[in-house]
Structure formats: structure tokens, C-alpha cells
There are 2 protein chains.
Amino acid sequence: MHMPTPPKEPGTHPDCRKVNEILGRMGDKWTIMAITMLAGEPRRFNELKRLIGGISQQMLTRTLKALERDGMVTRKVYPTIPPQVEYALTDLGRSLATPLMQLAMWVLDHLGEIEAHRASHDARLLSEDR
Amino acid sequence: MHMPTPPKEPGTHPDCRKVNEILGRMGDKWTIMAITMLAGEPRRFNELKRLIGGISQQMLTRTLKALERDGMVTRKVYPTIPPQVEYALTDLGRSLATPLMQLAMWVLDHLGEIEAHRASHDARLLSEDR
DNA sequence: CAGTATCCCGGAGGATACTG
DNA sequence: CAGTATCCTCCGGGATACTG
């Protein structure tokens with residue numbers, strides 16, 4: 001891992017579009033939630049759905065499929081009745097979990113600060129508008 | 001900052017919706033790009049637009065306004081002709097830049113791996129379909 | 001249980017034109 | 001230059017019903 005390099009001319013870098021596209025996926029909130037919930041131990045489909053809370057099964061399916069395609073997650077089917085499917089992070093997925101959970105932690109740590117700032121900012125706008 | 005805690009029952013945590021909402025914003029690809037480009041030095045509007053590359057001016061405006069509202073960015077107007085506006089990270093914004101750029105770095109470091117996995121995954125699907 | 005298949009809507013986000 | 005105002009398109013994502 002390099003140091004937080006002050007960017008030079010990244011907009012002109014040829015890989016910029018691709019990085020951007022991957023960022024769009026990895027930064028997706030359902031992706032972040034899913035990987036967070038998979039860190040630590042494998043989970044089953046509906047278990048994940050419950051843990052994440054507020055996600056539709058279709059979005060969960062899509063998210064997991066995309067993660068599988070990207071090599072972040074493995075899908076293991078146990079041919080039992082009823083069927084049982086277990087999702088687990090790959091090594092690659094686990095390596096992503098680290099920066100992702102640091103981001104999540106940052107949000108948790110600064111939630112109050114952000115909301116306070118929003119409130120005062122909104123209040124100021126209101127008083128200016130008249 | 002805590003350690004990457006294996007999640008217990010976050011889906012049921014009352015703050016979960018708020019964290020989720022903030023994550024949705026901070027994980028947004030334009031937000032990540034903007035903060036990344038502002039790390040290191042302040043930037044002007046069109047400078048940012050060029051650096052980010054591929055963003056519409058409206059999206060840049062919206063992104064910067066949201067960041068200002070959240071207290072991540074300051075907007076300084078120099079009443080010159082032509083007008084000049086400088087955006088800079090606040091302390092809060094700079095503290096977010098760290099995990100965000102680590103995420104960006106992770107993407108850069110693993111771009112090849114991801115794309116290789118995608119290709120083989122897609123190829124396997126193709127051969128199975130017939 | 002773990003999905004797939006449809007339908008549908010609101011909003012993200014681009015393109016363009018105008019303004020101080 | 002640094003925006004604001006409009007218009008329009010596309011698709012993220014929810015709800016629901018069905019299947020192996």
C-alpha cells in the first residue's frame with residue numbers, strides 16, 4: 001500500500017475510468033454493507049438479508065452476484081432440503097474489508113459531528129432566505 | 001479508531017439507517033473523487049472538473065454543496081473578475097480523506113486481479129450456457 | 001430456503017442554454 | 001469563471017408473484 005499520494009493529474013490517467021467504475025461498485029452502500037456483514041464469518045442468504053436490514057432480496061442477489069464475479073465472494077451450495085447456500089469472503093474480499101470497515105468506522109465516529117454541521121448549515125440557510 | 005470488529009447484530013442497531021445513509025453519500029464515487037482531488041491542496045471549480053474528468057458541472061456543484069453542508073469542504077470566494085472560487089478540505093474532510101484514499105489505493109492495487117477474475121468468470125458462464 | 005421473473009417508479013445524472 | 005435553470009433519459013432499487 002502506498003502513502004496517500006497527493007494526486008498529480010489523475011483525470012488524465014488512462015485507467016481513471018476503470019478505477020472510477022470499480023469505485024462506483026465498491027463504494028456502493030449495499031456492497032459495503034454486504035462485505036461488512038461477511039467479515040468474520042460466512043453467512044447464508046436470508047441471514048445476510050436480515051443482518052443488512054432494508055435491502056430487497058433482488059438487490060441482495062445482484063450485489064452478491066457482482067461480488068462473486070469480481071472474485072470477492074464465494075458461493076457454496078449444500079444440496080440439502082431445504083437448500084442451503086453459504087457466502088464467504090475470498091482473500092481478495094477480506095483484503096477489501098479492511099479499508100471498507102475503516103470507512104464505516106469513520107462514519108460511526110463522526111456521525112454526530114456531521115449531523116451537527118448539517119443542522120447549523122441548514123439553519124443558516126433558513127435565516128438568510130428571508 | 002476501533003479494530004475491524006466482526007459485526008454482531010448491526011441490522012437491528014437504531015443508528016444503522018443513518019450510518020447507511022452517510023455511507024451512501026461518502027461511498028458515492030463522485031464524492032470519493034472530489035475529496036481525493038482536494039487532498040493535498042485547494043482547487044478551483046473548473047480545475048476540479050478537469051481533474052475528476054467525466055463529471056458534469058451540475059453533479060460537481062451538487063457534490064460540492066453536499067460536502068460543504070456536511071462540513072467536509074469550505075468554499076472561499078475571491079471577488080475578482082472573473083470570479084474565483086477555491087474549495088478546500090476542512091479538518092473533518094481531511095480525516096475522511098485517509099480512509100477514502102486507502103480505498104482508492106486498494107482499487108488501484110487490485111484492478112488487474114479484479115478484471116482477470118471477471119474475465120474468467122464471464123468465460124466460464126459462456127461455456128456453460130450451451 | 002434461495003432464489004428468478006416482472007412490473008414500476010423516483011431520482012441520479014448528463015446535455016444544453018443562460019447569467020453575474 | 002463559476003455557477004443556476006431546464007429538460008430528458010436511464011436505471012437503481014422496491015414490491016410482488018412464482019419456482020426448484
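Keep in mind that this is a model prediction, so the values were computed, not measured. Numbered from 1 within each chain, the chains take letters A, B, ... in sequence-line order.
Among C/dC1, C/dA2, C/dT6, the nucleotide with an atom closest to any side-chain atom of A/P82 is C/dC1. Here the side chain of A/Y87 is nearest to one of D/dA2, C/dA5, C/dG3, namely C/dG3. Here D/dG13 is the nucleotide among C/dA2, D/dG3, D/dG13 with the atom lying nearest to any side-chain atom of A/D28. The nucleotide whose nearest atom lies closest to any side-chain atom of A/W30 is, among C/dT4, C/dG14, D/dG13, D/dG13. The side chain of A/Q57 has D/dT16 as its nearest neighbour among C/dA2, D/dA2, D/dT16. Residue B/M59 has its side chain nearest to C/dG13 when only C/dG13, D/dA15, D/dG3 are considered. Side-chain atoms of B/R62 lie closest to C/dG13 of the nucleotides D/dG13, C/dG13, C/dG3. Side-chain proximity of B/N46 to D/dC1, D/dA15, C/dG14: nearest is D/dC1. The nucleotide whose nearest atom lies closest to any side-chain atom of A/P83 is, among C/dG14, C/dG3, D/dG20, D/dG20. Nearest to the side chain of B/R44, among D/dC1, D/dT6, C/dC1, sits D/dC1.
Between B/L100 and A/W106 there is no side-chain heavy-atom pair separated by less than 4.5 Å.
The pair B/R118-A/E21 meets the salt-bridge criterion, since a charged nitrogen lies less than 4.0 angstrom from a carboxylate oxygen.
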### Message
Could you spell out the base pairing of DNA chain C as a dot-bracket line? Use Watson-Crick and G-U wobble contacts where both distances are under 3.5 Å, [ ] for crossing pairs, | for partners on a different strand.
### Response
||||||||||||||||||||
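Residue B/Y78 is classed as having no contact, given no heavy-atom separation below 4.0 Å to the nucleic acid.
No single ILVMFWY cluster, assembled from side-chain heavy atoms under 4.5 Å apart, contains both B/Y87 and B/Y78.
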